[in-house]
Amino acid sequence: VGSAARFNSPTNIARLLLGCGRKRRGSLSRSSVRSPEDPLEMQLAGLISGPDSLLREGILTSGSVGRRRRLSTDFEEYADVIQRSSVKDVLKMLHKPPQVRQGSSQPPLNLLNAMREPVPESVLESPGAVVLPVYHLNEKLSAANTALSFSSDVMTLGGAFHAAVEVYNGEWTYGSYGVSCIPPRSEEGHVYECSIYLGRTDLDREQLAPVLFELAQEWSGAEYDMLGRNCCSFAATLCQRLGVGEVPHWVDRFARMLHNGREASVAALGAARRLSRATTKLLRGPEEDTLCGEEFRKLKREEK
């Protein structure tokens, strides 16, 4: 009960998470624990619970996918387009990736490594270079994301990010519309932050096309879940297939934490229900457990 009480509010959870981060960087004394007014602590609490929290965004987005499928006149036309294409079509896309539309803006490249250190753009000249474009989920979460993921005074906790995989000048991403390819750094629904250089793949375009087509079959837009099966988990899968290693943990740590919490809550609720049924059965006794309704009430009247 005492341990559970420590998680009774978003602010307490934020304080514990930040405390773990400071322990990683040095000893944590009582004086180093920040007050509830600490801006960083309040930003993290806002990410956990608030009008623009990642959890709220996840619930709203997940719930709206089905409504968009029913109400949008062009949803079926644009959803899972690559899934309904062919390997040959994907190969054409790799040879001639989408271009930025005239009049649209494309943020300047901010190339970093997994430790968030600058990387020269010359590394992208190598064939098969792979980068991970990282976006803030929305403008309102930009400040909190920056504080939690690019601050040097605490361990990198991660924030609410959208991620994709850029290879052969095309940005491959996953969302409620399935797998798609867009021009680099042109995602309009999120706010671009940086691109993480992950190395280079040994797969050429001809070898990569069937891989992307296979993933498009497996990652349907109808199965999108903002906390569990999302853009970051797709990017992690694609990076593994490309042979460039793992996505930096700070990119999707927060979503994974909330997803694990949601799954644990569901499991705990199921366990509580099973315990309640077992307790009721134990209290009734073996004879009473076999009786119900009128038979049980009749037996009680006879006993009296």
Side-chain angles (χ1 to χ4, degrees), residues 77-101 104 106-107 109-114 119-135 161-190 192-225 228-249 251-252 255:
E77 180 182 353
Y78 291 102
D80 299 314
V81 172
I82 296 178
Q83 187 180 83
R84 294 182 278 109
S85 65
S86 65
V87 175
K88 185 180 294 186
D89 293 328
V90 176
L91 182 57
K92 289 180 181 178
M93 201 174 299
L94 286 170
H95 280 289
K96 192 177 180 180
Q99 302 297 311
V100 178
R101 295 193 304 269
S104 299
Q106 185 180 40
L109 177 65
N110 178 24
L111 191 62
L112 308 174
N113 60 21
V119 173
E121 296 183 17
S122 58
V123 299
L124 301 182
E125 298 173 1
S126 302
V130 179
V131 300
L132 186 82
V134 178
Y135 300 80
F161 293 112
H162 167 79
V165 177
E166 180 185 340
V167 60
Y168 293 119
N169 300 316
E171 184 172 308
W172 296 85
T173 184
Y174 171 70
S176 59
Y177 278 77
V179 177
S180 60
C181 182
I182 62 175
R185 308 185 305 283
S186 67
E187 174 60 62
E188 298 179 351
H190 307 293
Y192 175 74
E193 169 62 35
C194 64
S195 295
I196 308 298
Y197 177 67
L198 298 177
R200 59 178 302 275
T201 180
D202 292 330
L203 301 179
D204 58 26
R205 290 178 174 85
E206 284 68 23
Q207 294 170 319
L208 179 57
V211 172
L212 291 169
F213 182 73
E214 177 187 337
L215 291 178
Q217 309 308 307
E218 298 173 356
W219 292 76
S220 173
E223 298 176 354
Y224 175 80
D225 175 66
R229 191 176 176 83
N230 55 29
C231 57
C232 293
S233 49
F234 170 79
T237 300
L238 179 52
C239 285
Q240 289 178 351
R241 299 294 293 270
L242 291 170
V244 292
E246 296 183 344
V247 169
H249 294 308
V251 173
D252 66 338

What I'd like to find out is whether the side chain of Pro248 reaches to under 4.5 Å of the side chain of Asn113, using heavy atoms alone. no
Between Trp172 and Ala164, which heavy-atom pair has the shortest distance, and what is it? O-CB, 3.3 Å
Shortest non-hydrogen contact from Val165 to Cys239? CG2-SG, 3.9 Å
Atom of Leu109, atom of Ser195 and distance for their closest heavy-atom approach: CD1-OG, 3.6 Å
Side-chain contact, heavy-atom cut-off 4.5 Å: Val247 with Cys232? no
With rounding to the nearest 0.5 angstrom, report the CD1 to CG distance, Ile196 to Leu132. 6.5 Å
Any side-chain heavy atom of Cys194 within less than 4.5 Å of one from Val134? yes
Compare all side-chain heavy atoms of Met93 with those of Pro98 and state whether any distance is below 4.5 angstrom. yes
So, does Tyr177 use its side chain to make a donor-acceptor pair with the main chain of Val81 at under 3.5 Å? no
So, taking the atom named NE2 in His95 and the one named CG in Asn169, what distance separates them when rounded to the nearest 0.5 Å? 12.5 Å
Looking only at heavy atoms, which two atoms of Glu171 and Ser186 are closest? And how far apart? OE1-N, 4.5 Å
Hits for side-chain hydrogen bond (donor to acceptor under 3.5 Å, both in side chains) against Arg185, two or more places apart or cross-chain, chain-then-number order -> none
First locate atom CD of Glu187, then atom SG of Cys231, and finally report the distance between them rounded to the nearest 0.5 Å. 9.0 Å
Side chain to side chain contact (heavy atoms under 4.5 Å, CB included) between Val167 and Leu203, worked out: CA-CA 10 Å; Val167 60; Leu203 301 179; over 6 Å; no
Quick one: are Tyr197 and Leu112 in side-chain contact, heavy atoms under 4.5 Å? no
Taking every heavy atom of Gly170 against every heavy atom of Cys181, the minimum-distance pair comes out as CA-SG, 3.9 Å
Looking only at non-hydrogen atoms, find the nearest pair between Arg84 and Ala79 and report the distance. NH2-O, 2.8 Å
May I ask you to test the Leu198-Val131 pair for a side-chain heavy-atom distance under 4.5 Å? no
Does Arg200 reach the main-chain N or O of Pro127 with its side chain, forming a donor-acceptor pair under 3.5 Å? yes
Measure up the Tyr192 and Tyr135 rings against each other and bin them: parallel (under 30°), tilted (30 to 60°), perpendicular (over 60°). perpendicular
Say whether, by atom type as modelled, one donor and one acceptor occur between the side chain of Asn110 and the main chain of Glu193 under 3.5 angstrom. yes
Would you give me the side-chain donor-acceptor pairs under 3.5 Å for residues 207-219, sequence neighbours excluded?
| unit_1 | atom_1 | unit_2 | atom_2 | d |
| --- | --- | --- | --- | --- |
| Gln207 | OE1 | Asp204 | N | 3.0 |
| Glu214 | OE1 | Arg241 | NH2 | 3.2 |
| Gln217 | NE2 | Gln83 | O | 3.1 |
| Gln217 | NE2 | Phe213 | O | 3.3 |

CA sep, side-chain torsions, deciding dist, call: Lys92, Arg205, side chain to side chain contact (heavy atoms under 4.5 Å, CB included): CA-CA 9 Å; Lys92 289 180 181 178; Arg205 290 178 174 85; over 6 Å; no
